[in-house]
Asks: 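My questions all concern the structure below.
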2 protein chains.
Amino acid sequence: MPGPIQSIERAAAVLRLLASGARRMGVAELARALELPKPTVHGILRTLQLVGFVEQSPDTGKYQLGAALFHIGSSYLDGNELRTRALNWSDSLASRSMESVRIGTLHENQVLVVHHVFRPDNSRQVLEVGALLPSHASALGKVLLADDPVGLTDDEPLKAYTAATITDPDLLGDALEQVRQRGWASDIEELVDGEVSLAAPIRDRRAVTVGAVGISGPVERLCDEHKQPRTDLVSYVREAARSISRELGAIPW
Amino acid sequence: MPGPIQSIERAAAVLRLLASGARRMGVAELARALELPKPTVHGILRTLQLVGFVEQSPDTGKYQLGAALFHIGSSYLDGNELRTRALNWSDSLASRSMESVRIGTLHENQVLVVHHVFRPDNSRQVLEVGALLPSHASALGKVLLADDPVGLTDDEPLKAYTAATITDPDLLGDALEQVRQRGWASDIEELVDGEVSLAAPIRDRRAVTVGAVGISGPVERLCDEHKQPRTDLVSYVREAARSISRELGAIPW
DNA sequence: GAATGCCGTTCGACAATGTCGTACGGTGCG
DNA sequence: CGCACCGTACGACATTGTCGAACGGCATTC
């Protein structure tokens, strides 16, 4: 039976829409966005509600994502070998660098954050696990793009987040080439003004890049007086990446 | 069309199974567990793979949860008003109590952890957001059960985790009555030996309990010499719960 | 205050759709 | 080498989901 099951595809589309929409959405709203008849969408929603993937506000009648979906989704992390192996090393990278650590994987041309260690200074920080970062404007993303067989798909233009964001595909290509040669990437105020990130690739036993680990923080702490990444921090990041890769079975290189 | 859509229900069952199974599962394995023909399960898996909800190991052919599901699931937190409102208060509770803070909601008779603040002491801790705790053996759970209109369903026996776990439904009923009267709950080594937790209810504008906030830590720190919860910590927890409730629109009580 | 628009929901007939018995190539084990 | 098991493909059948039309409820409008 080669051919996807229509109703499941549609259910997934509904969930994706509810996830992106941020706020609650109504049946009619979803139906319009998906270009489907209202009763069809309603049937899907009813089923998703039954299994706990969506919830409905009793008063407004609108729908939002459900708790069951959240719980099942978070189980993904348990099976994620990359994250499991990286737990210890990312902790130690956080202590050595005194900065917050993130681990990401490429997912639909964006960086999916699968692990996040807070900066060890008791400051208030928001957990970013599960979030998506733009791949062309983050160190994690550049590392992943540099080794991605597909490369960057130029179907949509590169969005500028700050004045320093690389928006020219050719320039980005050059930057990725540099990342490949140096073995690490940086993002200097390219995503958020005043924020810098550094990252290095994590490779598995077949030497393919399966993820990236990196730190991020204010430019004053991560860069030297020439606004270049501090070499000691770069070393820490690269060492952590190598350690995790070794845990994943990569041949030490 | 009153009646759930079969294929979506089955797809959800597959995802649930993959989430619980911890490790990767094969088509045949899933088919046996769900009592469905192998090709049927395969069709579902193929569709789920297409939308990124499951991934297949290229070598073993086995399936596991996918990144898209994780990302969509984590979007649940954005729409969760309880969690959003509670962010600041749980941080301050963590600083005041110097213990780790968790916020939970009732989900299928278990406690779904929707927020987790680490103990502010730089120690290594695992993030528990998305995890499920037994409701009869945790302070969060008792608080939620105490005010739950459904109450505890006695369809399955209460599992014992330690010697102190309450397994008798009658005793649990008494304990819940006490929780209702005192307005807070404790778990003294009932889930993990040496671990204690305290919690208080979060109520919304209609005064229904929508969640619980609490702290947890070693018995030496949370209890006094009589192995009773320290009254100052109880106050901190209750004050935090009241503050969050007020944010949710509850009339201060 | 009747009328109007939009909402979430139900009904039910039609046919498109998913189901599943059967079968195929590949892999690991004895 | 044969066997058992795997993940996957095919295709006929009828079960199943789809969607036009319609209903009651709720605001807003005139």
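Within every chain, numbering begins at 1; the chains are lettered A, B, ... in the order of the sequence lines, protein sequences first and strands thereafter.
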Asks: Are any protein N/O atoms closer than 3.5 Å to N/O atoms in nucleotides 13-17 of chain C? If there are, list each pair with its distance.
Replies:
| from | atom 1 | to | atom 2 | distance (Å) |
| --- | --- | --- | --- | --- |
| C:dT17 | OP1 | A:Q6 | NE2 | 3.2 |

Asks: Round to a whole Å and report the spacing from CD of B:E9 to C1' of D:dT16.
Replies: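 For the pair B:E9 CD and D:dT16 C1', the rounded distance is 13 Å.
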
Asks: If the threshold is 4.0 Å, N to carboxylate O, is there a salt bridge linking B:R246 and B:E239?
Replies: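 Here B:R246 does not pair with B:E239 in a salt bridge, since their nearest N and O are not under 4.0 Å apart.
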
Asks: Report the distance from atom CG of A:L45 to atom P of D:dG17, rounded to the nearest whole Å.
Replies: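 Rounding to the nearest Å, CG of A:L45 and P of D:dG17 are 15 Å apart.
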
Asks: For B:R203 and B:S245, test the side chains for any donor-to-acceptor distance below 3.5 angstrom and give the result as yes or no.
Replies: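 No, because no side-chain N or O of B:R203 sits under 3.5 Å from a partner of the opposite role on B:S245.
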
Asks: Measure CG/B:L36 against P/D:dT15 and give the value in whole Å, please.
Replies: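 The distance from CG of B:L36 to P of D:dT15 comes to 17 Å, rounded to the nearest Å.
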
Asks: Parallel, tilted or perpendicular: which one describes the rings of A:H136 and A:Y161, with boundaries at 30° and 60°?
Replies: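 Because their plane-to-plane angle lies in the 30° to 60° range, the rings of A:H136 and A:Y161 count as tilted.
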
Asks: Between protein and nucleic acid, restricted to nucleotides 2-8 of chain D and to nitrogen or oxygen atoms under 3.5 Å apart, what atom pairs and distances do you find?
Replies:
| from | atom 1 | to | atom 2 | distance (Å) |
| --- | --- | --- | --- | --- |
| D:dC6 | OP1 | B:R32 | NH2 | 2.9 |
| D:dG7 | OP1 | B:V27 | N | 2.9 |
| D:dG7 | OP2 | B:V27 | N | 3.4 |
| D:dG7 | OP2 | B:A28 | N | 2.8 |
| D:dG7 | O3' | B:Q56 | NE2 | 3.4 |
| D:dG7 | N7 | B:K38 | NZ | 3.4 |
| D:dT8 | OP1 | B:Q56 | OE1 | 3.3 |
| D:dT8 | OP1 | B:Q56 | NE2 | 2.8 |
| D:dT8 | OP2 | B:H42 | NE2 | 3.2 |
| D:dT8 | OP2 | B:Q56 | NE2 | 3.4 |
| D:dT8 | OP2 | B:Y63 | OH | 2.6 |
| D:dT8 | O5' | B:H42 | NE2 | 3.3 |

Asks: Does A:E247 pair with A:R83 as a salt bridge, N-O distance under 4.0 Å?
Replies: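 Answer for the salt bridge query: no.
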
Asks: Please measure how far the P atom in C:dA16 lies from the corresponding atom in C:dG12, and state the result in whole Å.
Replies: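 The answer is 22 Å between these two P atoms.
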
Asks: Specify the separation, in whole Å, of atom CD of A:E35 and atom C1' of D:dC19.
Replies: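 Going from A:E35 (CD) to D:dC19 (C1'), I get 15 Å.
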
Asks: From CG of A:L30 over to C1' of C:dT9, roughly how many Å is that when rounded to an integer?
Replies: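 Those two atoms, CG and C1', are 15 Å apart.
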
Asks: Under 3.5 Å, is there a donor-acceptor pair between the B:S57 and B:R24 side chains?
Replies: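 Yes, side-chain donor-acceptor contact under 3.5 Å.
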
Asks: With sequence neighbours excluded, give me every side chain to side chain donor-acceptor pair (under 3.5 Å) pair touching residues 5-16 of chain A.
Replies: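 As it turns out, the side chain to side chain donor-acceptor pair (under 3.5 Å) pairs with a partner in residues 5-16 of chain A, which skip direct neighbours, are A:S7-B:S7.
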
Asks: Have a look at B:M25 and tell me which of B:L30, B:V14, B:L45 forms a side-chain contact (heavy atoms from CB on, under 4.5 Å) with it.
Replies: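 Among B:L30, B:V14, B:L45, the one meeting side-chain contact (heavy atoms from CB on, under 4.5 Å) with B:M25 is B:L30.
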
Asks: So, A:D187 and A:S138: side-chain donor and acceptor under 3.5 Å apart, yes or no?
Replies: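 A:D187 vs A:S138: no donor-acceptor pair found between side chains.
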
